[in-house]
Protein chains: 2
Amino acid sequence: MQRYFVSSEDVKGNIVTIQGDDRHHMANVMRFQPGDKVIICQPDESTHIGAIEHIHVEEITITLLEELDEQKELPITVTVAQGMPKGDKLELIAQKGTELGMHALLPVQMDRSIVKWDGKKEAKKRARLEKIVKEASEQSHRTIIPNILPLISLRELDLQQYDYCLIANETEAKQADHSSTFREVLGKINKNDQILVIIGPEGGFSEKELAFLNHDHVYSIRLGKRILRTETAPLYVLAALSFYFEEWS
Amino acid sequence: MQRYFVSSEDVKGNIVTIQGDDRHHMANVMRFQPGDKVIICQPDESTHIGAIEHIHVEEITITLLEELDEQKELPITVTVAQGMPKGDKLELIAQKGTELGMHALLPVQMDRSIVKWDGKKEAKKRARLEKIVKEASEQSHRTIIPNILPLISLRELDLQQYDYCLIANETEAKQADHSSTFREVLGKINKNDQILVIIGPEGGFSEKELAFLNHDHVYSIRLGKRILRTETAPLYVLAALSFYFEEWS
């Protein structure tokens with residue numbers, strides 16, 4: 001069943017009003033008729049089956065029927081702090097990260113980031129990323145849409161806000177001998193913990209950045225024995241966290 | 001150190017001759033000079049440090065110095081049988097799969113595959129995929145280049161050739177109650193086993209295909225609680241296998 005995310009203003013009692021892109025999608029892409037059913041996801045993470053009532057030129061009204069008891073979210077909250085990568089890699093991370101259960105994407109200007117966003121560019125890029133995560137949330141059957149956080153510099157990162165911070169440092173992969181840190185830190189994480197995954201850009205972290213991140217709840221983990229590209233690393237971490245918390249435990 | 005894969009004809013004793021694209025890359029992109037060092041990977045999976053001797057217009061000669069004892073490969077052999085996806089998704093799978101340790105990519109024409117390759121198109125697409133996996137092997141520090149196998153239909157799949165076959169079936173993700181099959185099957189896999197990961201195209205497997213795959217060493221696994229796109233599913237499986245065999249065990 002097709003899934004739509006609505007904002008709280010769209011819902012009055014058990015009636016939902018759909019406008020804009022979603023109205024277009026329902027009427028012209030899905031060609032829904034009155035009586036057809038959809039899944040409506042609200043910001044409070046509740047999900048309902050809804051029946052389409054009226055299809056107008058400007059809006060579609062839907063009546064909420066039964067509430068669904070869906071558990072689609074990772075049992076931990078994962079924010080990906082991504083060193084600004086080149087090209088459209090941030091879009092790939094936004095889409096795949098959403099499928100893999102990421103809760104928030106935090107673009108971080110790092111010393112070796114080549115791309116820079118100015119104010120106007122950031123607004124446009126954020127709008128594009130927000131569209132991507134919304135669509136990916138619908139397709140992957142999430143019950144929330146990941147947050148696209150405002151761009152910050154690495155030194156603005158509030159590490160204390162998170163229970164555990166994981167950094168994927170390329171030099172770890174090159175070491176034949178490693179300390180199984182990923183396994184160890186997973187053993188410490190509890191359900192509902194806030195996890196920050198910090199990924200360097202193409203050139204990796206600078207020495208200054210590694211010094212800033214040398215902190216007692218920042219764990220340097222290895223992601224297998226090969227060198228991953230910057231956009232592959234967060235997907236590995238998310239898949240491993242999903243595997244560990246959803247398929248292993 | 002930059003890594004290059006050579007064929008056995010390129011090596012005579014401890015002298016390697018580099019021509020074509022790799023010669024161009026060494027001379028014009030990396031701007032190497034005599035005495036500079038590179039890593040040379042041979043088809044027998046041996047890797048050596050090599051010193052550049054002569055840079056000619058047509059070829060570069062390299063002397064092999066010490067052999068490296070690198071273990072960069074997954075302890076199991078993973079072939080991804082990918083239902084032909086749309087657009088350039090097969091290229092994404094080839095690149096990211098290589099980073100994540102895939103040994104071979106087997107494109108499979110499935111009932112719901114929209115894309116079809118004719119003979120001429122297949123040759124061109126294979127050449128492109130081979131270039132992608134070669135470059136990704138160099139960048140990710142693999143010691144082998146994954147094989148791009150010829151396109152087959154699902155019914156030509158020789159399941160007996162593999163120790164374990166895993167299929168990621170979308171309906172598993174939708175079931176709240178699942179049997180932890182992924183964990184169970186991992187417990188059975190031994191080092192050096194041959195694993196086949198079978199992924200459906202955008203529309204999933206047909207009923208006929210699921211009947212064909214209903215076989216005693218084919219395990220239907222869940223990849224977390226969300227619905228993954230066809231190109232994300234093999235990356236999840238590879239990351240989980242890497243995590244389990246390289247970071248957990």
Side-chain angles (χ1 to χ4, degrees), chain A residues 1 3 69-75 92 95-102 136-143 170 172-174 176 178-187 202 221-229 231-249, chain B residues 1 3 68-75 92 95-102 136-143 170 172-174 176 178 180-187 202 221-229 231-249:
Chain A
M1 210 179 294
R3 177 174 298 252
D69 179 23
E70 287 195 320
Q71 299 196 330
K72 299 288 188 180
E73 300 299 329
L74 283 174
L92 184 80
Q95 184 190 68
K96 302 289 165 236
T98 299
E99 295 173 57
L100 294 167
M102 170 182 78
S137 296
E138 288 162 359
Q139 291 191 344
S140 61
H141 296 196
R142 297 283 301 263
T143 54
E170 194 174 275
E172 295 287 320
K174 291 178 181 160
H178 72 108
S179 56
S180 302
T181 320
F182 202 178
R183 178 184 180 155
E184 275 171 37
V185 69
L186 283 180
E202 285 84 358
I221 57 171
R222 193 180 77 161
L223 309 177
K225 295 188 176 178
R226 292 153 299 281
I227 304 293
L228 302 182
R229 288 176 184 237
E231 73 276 21
T232 314
L235 311 185
Y236 183 114
V237 178
L238 287 162
L241 291 173
S242 160
F243 170 73
Y244 180 77
F245 286 103
E246 297 180 317
E247 303 306 323
W248 183 266
S249 307
Chain B
M1 209 178 295
R3 178 175 297 253
L68 298 172
D69 180 23
E70 287 195 320
Q71 299 196 331
K72 298 289 188 179
E73 300 299 329
L74 282 174
L92 183 81
Q95 185 189 68
K96 302 287 164 241
T98 299
E99 294 172 57
L100 294 166
M102 169 182 79
S137 296
E138 288 161 2
Q139 290 191 345
S140 61
H141 297 197
R142 296 284 301 263
T143 55
E170 192 174 277
E172 295 288 319
K174 290 180 182 161
H178 73 107
S180 301
T181 319
F182 202 176
R183 178 183 180 157
E184 274 172 37
V185 69
L186 283 179
E202 284 84 356
I221 57 170
R222 194 180 76 161
L223 309 177
K225 295 187 177 179
R226 293 152 299 283
I227 304 293
L228 302 181
R229 286 176 185 238
E231 73 276 20
T232 315
L235 311 184
Y236 182 114
V237 178
L238 287 162
L241 291 173
S242 160
F243 170 73
Y244 180 77
F245 286 103
E246 297 180 318
E247 302 307 323
W248 183 267
S249 306

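Predicted model only: the values in this text are computed from it and were never measured. In the text below, chain A, chain B and the rest are named by the order of the sequence lines, each starting its count at 1.
Proximity to chain A is limited to the side chain of Tyr244(B), based on heavy atoms less than 4.5 angstrom apart. Of the two parts of Leu186(A), only the side chain, counted from C-beta on, holds a non-hydrogen atom closer than 4.5 Å to a non-hydrogen atom of chain B. Residue contact with chain B, scored on non-hydrogen atoms closer than 4.5 Å, involves the backbone of Glu73(A) exclusively.
The residue from Lys72(B), Gln139(B), Arg3(B), His141(B) that alone fulfils the side-chain contact (heavy atoms from CB on, under 4.5 Å) condition with Ile227(A) is His141(B).
One finds the NZ atom of Lys225(A) at 8.5 Å from the CD atom of Glu247(B) (value rounded to the nearest 0.5 Å).
Closest approach of Tyr236(B) to Ser242(A), counting heavy atoms only: OH-OG, 2.7 Å.
Side chain of Arg222(B) to backbone of Glu246(A): a donor-acceptor contact under 3.5 angstrom is found. At distances below 3.5 Å, at least one donor-acceptor pair connects side-chain atoms of Arg226(B) with backbone N or O atoms of Glu99(A). The main-chain N or O of Trp248(B) is found under 3.5 Å from a side-chain atom of Arg183(A) such that the two form a donor-acceptor pair.
Salt bridge status for Lys96(B) with Glu231(A): present, with a side-chain N to carboxylate O gap under 4.0 Å.
Ranking Asp69(B), Thr98(B), Leu92(B), Leu100(B) against chain A, the residue ahead of the rest is Leu100(B), based on heavy-atom pairs under 4.5 Å.
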